[in-house]
Amino acid sequence: MSVSVVETKDPRETEALGAELAAGLRDGDVVLVQGELGSGKTTLVRGAARALGVTDPITSPTFSIGHRYRATDTTVSHLDLYRLSGGLQAEDPALLDDYLGPGRIAFVEWPALDSVALAHARLRVTLTHAGADRRRIEVVRG
Ligand code: ADP
Ligand code: MG
């Protein structure tokens, strides 16, 4: 396990960090992205998805738990589990099947930490407000 911490000073730097992280991802990987509302989770995912070749606009899922985007060599899944207040265990276990697994790289915002499917994440990213436009971003690998 390795931990790194960076501070970004604007959304572009957070997107750039997302792009950097994307370069180390492989088919089937899951990236957990935690942090308060407005901390920059979707911004980071946007940077990562762009770097993987997604050209569609990356927006927060609102009517479903996730979006899937065609990327260069893969499908990018972007899930937002924020609304699952009962946690994943209260949901149909098949809920995530369309989003995780071979042929996909998945970014999951606000993961409930109770899911086996999510226990094998390659990266866990935690964002915190650090004053004005600054964000502290911790990345745990492995
Ligand atoms: P979340 O998905 O965590 O709710 P978003 O990425 O949707 O957060 O929104 C983050 C908001 O904060 C955006 O309006 C973005 O422009 C702003 N922002 C300001 N500074 C930063 C920064 N350093 N990194 C990321 N977002 C930032
Ligand atoms: Mg978001």
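Everything numeric in this text was worked out from a predicted model, so none of it was measured. Note that ligands are numbered from 1 as they come in the structure, with each ligand's atoms numbered from 1 the same way.
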Margin query: Under a 3.5 Å distance rule, please check whether Ser39 uses its side chain to pair with a backbone N or O of Thr128 as donor and acceptor.
Written below: no

Note to self: Residue by residue, ordered by chain and number, which ones reach under 4.0 Å of ligand 1 with a heavy atom?
What the structure shows: Thr8, Lys9, Asp10, Pro11, Thr14, Glu36, Leu37, Gly38, Ser39, Gly40, Lys41, Thr42, Thr43, Glu109, Asp133, Arg135

Next item on the list: Please list, chain by chain and in numerical order, all residues satisfying ring pair (Phe, Tyr, Trp, His ring centres under 6.0 Å) with Tyr69, sequence neighbours excluded.
Entry: His67

Item checked: Any donor-acceptor N/O pair, Asp27 side chain to Gly103 backbone, under 3.5 Å -> yes

Note to self: If you compare all heavy atoms of Leu32 against all heavy atoms of Arg124, which two are closest, and at what distance to 0.1 Å?
What the structure shows: CD1-NH1, 3.2 Å

Check: Which residue pairs pass the salt bridge (charged side-chain N to carboxylate O under 4.0 Å, His left out) test with at least one member in residues 133-142, sequence neighbours excluded?
Finding: Glu7-Arg134

Checklist line | Arg50 side chain to Arg46 backbone, donor-acceptor under 3.5 Å | finding: no

Notebook entry, point to check: Is there a donor-acceptor pair under 3.5 Å between the side chain of Lys41 and the backbone N or O of Glu36?
Noted result: yes

Next item on the list: Measure from NZ or CZ of Arg68 to the centre of the six-membered ring of Tyr99 and say whether it is under 6.0 Å with the direction within 45° of the ring axis.
Entry: yes

Checklist line | Considering all heavy atoms, the nearest Thr43-Pro11 contact | finding: CG2-O, 3.6 Å

Checklist line | Polar protein atoms (N, O or S) that approach the Mg ion (ligand 2) to under 2.8 Å | finding: Thr42 OG1, Glu109 OE1

